[in-house]
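As structure tokens, the structure follows; a few thoughts come after it.
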Amino acid sequence: MKLNLKIPAFLFLLFLTVRGYAQINPASVINLGAGLGTGISAKIKDGKKRKAIENSISEIELNGLKVKILRVPEDKIISNAKGYIVRIQNQLDNFYNLYKNNEHVNTLHSFDDLTMLKALDNNWATEYYYNELIGYRNYEQQTIQKEKHNYDSIATATKANQKRTTDSIVFARKMYEDSIAYAERIQGYLFVNKAFTFLKNKPSDKSQTIGKVYLGSYLKLLGYSDNSTYVKVAIQDIEGYVNKNDLTDTPEKINASNADLATYKSRRYYKYEPNYEYVEEPVQPYAASTTNVNSSKSKVSSSSTQQKSYNRSIRYIRGPKGGCYYMSGNSKVYVDRSYCN
């Protein structure tokens, strides 16, 4: 027995429609309608309008991400908000060119246009425009942040460079001033270059010792003789003779630690220990400088008077080149030029 079932035509058409939708890949629908919420098919009833939108979707790279964009040709736009659609799409194209050229993008008013578009045509796929605008806005924020960082880095580097330059100038000026002061400080001085040396009352090893002068001490050079190993010096207001082999002409040559050298170079350093057993010998003035001198009256009781008699007894001679000296036996002993004034 045959069953002759007649299926209504509308049920047959419904079956074919359901079967056709079942064959669509869900992933392709999601990919196609990315950013559209419920998707194009469910949202746009006008088939011609829906097809124009679907055919106008493409993809760009924005900030390292793949972004789907919508660009419907002007003659394919079916919408009451056509003017806004055209303007927004042109703005987005301009933004993309600015983005590729690493220039600034101002998206502020574009969101206002998008709001008006959505109000006039709620069925248009505005989500594509919105997602793309968000990408450009993020790009702009990153650009501003990067520029600020670069500006701060340049400002910091400039400030640091200016400080280095200023510090270098100050340091160079100080070095120059210190060098001048140092040169003035050591000019005309000799320096003790052994643990200690003896200050003698005469230029002889056998003469009396006035005191000890220690390493690094500054000794003012008063005179010297080519025929003697001794030079005449002064330490503060004390004059005497020191063996020149115990001296050097600059502090840099002193055999001492760096810390001690720094001390010697920082000021006119001296360390002196007097010989308390030393008694200065009274000196008689030259007969040429005094007439009818009573020997008992010429004796001097105090050391200061003895010093003055000693100074007066020496006849200082100015040489043809301006040097000042006195005779000690057959030798010339040169002294500071002020002695001949």
**OP:** Kindly indicate whether the side chain of Tyr130, heavy atoms from C-beta on, has any atom under 4.5 Å from the side chain of Phe111.
**Re:** yes
**OP:** Spell out, yes or no, whether Ile134 and Leu92 are grouped together once hydrophobic residues are joined by side-chain heavy atoms under 4.5 Å, including indirect joins.
**Re:** yes
Original post:
Hey, are the side chains of Lys48 and Lys76 touching, using non-hydrogen atoms and a 4.5 Å cut-off?
Top reply: no
Original post:
Looking at side-chain heavy atoms only, is the closest gap between Arg268 and Arg185 below 4.5 Å?
Top reply: yes
Subject >> Straight-line distance of Ile88 CD1 to Leu114 CG, nearest 0.5 Å >> reply: 5.0 Å
Original post:
Quick one: does Asp260's side chain have a donor or acceptor within less than 3.5 Å of a partner on Ala256's backbone?
Top reply: no
**OP:** Answer yes or no: is there a donor N or O on one side and an acceptor on the other, between the side chain of Asn101 and the main chain of Asn97, under 3.5 Å?
**Re:** yes
Original post:
Is the count of non-hydrogen atoms from other residues, nucleotides or ligands lying under 6.0 Å from Asn90 atom CG greater than 12?
Top reply: yes
Original post:
Do any N or O atoms from the side chain of Glu59 and from the backbone of Lys66 form a donor-acceptor pair under 3.5 angstrom?
Top reply: no
Original post:
Between Phe95 and Tyr136, does the ring centroid distance fall short of 6.0 Å?
Top reply: yes
**OP:** With the side chain counted from C-beta on, respond yes when Ile238 and Tyr272 share a heavy-atom pair under 4.5 Å apart, and no when they do not.
**Re:** yes
**OP:** Give the minimum heavy-atom separation between Leu222 and Ala234, together with the two atoms involved.
**Re:** CD1-CB, 3.7 Å
Original post:
Of the non-hydrogen atoms in Cys340 and Tyr316, which two are nearest, and what is the gap between them?
Top reply: SG-CB, 3.9 Å
Subject >> CA sep, side-chain torsions, deciding dist, call: Asp113, Met116, side chain to side chain contact (heavy atoms under 4.5 Å, CB included) >> reply: CA-CA 5 Å; Asp113 290 342; Met116 291 299 299; 5.5 Å; no
Original post:
Is the backbone of Leu108 close enough, under 3.5 Å, to the side chain of Asn106 for a donor and an acceptor to pair up by distance?
Top reply: yes
Original post:
Are Leu219 and Tyr189 linked, directly or through other ILVMFWY residues, by side chains that come within less than 4.5 angstrom of each other?
Top reply: no
Original post:
With the threshold set at 4.0 Å, does a side-chain nitrogen-carboxylate oxygen contact exist between Asp121 and Lys49?
Top reply: yes
Subject >> Intermediate values then yes/no, side chain to side chain contact (heavy atoms under 4.5 Å, CB included), Leu117 and Tyr129 >> reply: CA-CA 11 Å; Leu117 167 58; Tyr129 302 146; 3.9 Å; yes
Original post:
Is the backbone of Gly211 close enough, under 3.5 Å, to the side chain of Thr209 for a donor and an acceptor to pair up by distance?
Top reply: no
Original post:
Should Asp249 and Lys253 count as an ion pair when the cut-off is N to O under 4.0 Å?
Top reply: yes
**OP:** Please list all pairs passing the side chain to side chain donor-acceptor pair (under 3.5 Å) test where one or both residues lie in residues 145-154, with sequence neighbours left out.
**Re:** His104-Glu147, Lys148-Asp152
Original post:
Do Thr107 side-chain atoms and Ser110 backbone N/O form a donor-acceptor pair below 3.5 Å?
Top reply: no
**OP:** Carefully, step by step, assess Asp93 and Arg71 under the rule salt bridge (charged side-chain N to carboxylate O under 4.0 Å, His left out).
**Re:** CA-CA 9 Å; Asp93 286 338; Arg71 297 291 190 273; 2.7 Å; yes
Subject >> NZ on Lys212 to OG on Ser217, rounded to 0.5 Å >> reply: 13.0 Å
**OP:** State yes or no: do Val213 and Ile210 share one hydrophobic cluster built from I, L, V, M, F, W and Y residues joined by side-chain heavy-atom distances below 4.5 Å, directly or via other members?
**Re:** yes
Subject >> Under 3.5 Å: donor-acceptor pair, side chain of Asn245, backbone of Thr229 >> reply: no
Original post:
Are side-chain heavy atoms of Arg87 and Tyr84 found at a separation under 4.5 Å?
Top reply: yes
Original post:
Is the backbone N or O of Ser225 less than 3.5 Å from a side-chain atom of Ser228, with the two atoms forming a donor-acceptor pair by type?
Top reply: no
Original post:
Do the side chains of Tyr270 and Leu215 join up, straight or via other hydrophobic residues, at under 4.5 Å, putting them in one cluster?
Top reply: no
Subject >> Check: Trp124 and Ile53 side chains under 4.5 Å, non-hydrogen atoms >> reply: yes
**OP:** Considering non-hydrogen atoms only, spot the tightest contact between Asn63 and Gly135 and give its length.
**Re:** ND2-O, 2.9 Å
Original post:
Does Lys200 make a cation-pi contact with Tyr241 (under 6.0 Å, within 45 degrees of the axis)?
Top reply: no
Original post:
Is the number of heavy atoms from other residues, nucleotides or ligands within 6.0 Å of CG (Asp112) greater than 12?
Top reply: yes
Subject >> Tyr230 vs Tyr224, side chain to side chain contact (heavy atoms under 4.5 Å, CB included): CA-CA, chis, key distance, verdict >> reply: CA-CA 7 Å; Tyr230 278 82; Tyr224 64 93; over 6 Å; no
**OP:** Calculate, to the nearest 0.5 Å, the distance between atoms OG1 and CG belonging to Thr248 and Leu190 respectively.
**Re:** 8.5 Å
**OP:** Give the intermediate values and the outcome of side chain to side chain contact (heavy atoms under 4.5 Å, CB included) for residues Leu247 and Val231.
**Re:** CA-CA 10 Å; Leu247 307 176; Val231 293; 3.8 Å; yes
Original post:
Under 4.5 Å between any side-chain heavy atoms of Lys118 and Glu127, yes or no?
Top reply: yes
**OP:** Please determine which of Thr143, Asn94, Ile60, Leu62 meets the side chain to side chain contact (heavy atoms under 4.5 Å, CB included) test together with Tyr99.
**Re:** Leu62
**OP:** Please determine, by modelled atom types, if Glu132 and Tyr128 share a side-chain donor-acceptor pair under 3.5 angstrom.
**Re:** no
Original post:
Which word best sums up how the rings of Tyr269 and Tyr264 line up, parallel for under 30°, tilted for 30 to 60°, or perpendicular for over 60°?
Top reply: tilted
Original post:
How about Ile186 and Phe191: do any of their side-chain heavy atoms sit closer than 4.5 Å?
Top reply: yes
Subject >> Side-chain donor-acceptor pair present, Thr197, Asp246, cut-off under 3.5 Å >> reply: yes
**OP:** Mind listing the closest non-hydrogen atom pair of Pro251 and Lys265 along with its distance?
**Re:** CB-CG, 3.8 Å
Subject >> Closest contact, heavy atoms only, Tyr278 versus Asn201 >> reply: OH-CB, 3.5 Å
**OP:** Determine, for Lys220 against Glu239, whether the closest basic-nitrogen to carboxylate-oxygen distance falls under 4.0 angstrom.
**Re:** no
Original post:
Are Leu261 and Phe196 linked, directly or through other ILVMFWY residues, by side chains that come within less than 4.5 angstrom of each other?
Top reply: no
**OP:** Indicate whether the side chain of Glu273 and that of Tyr214 have a donor and an acceptor atom separated by less than 3.5 Å.
**Re:** yes
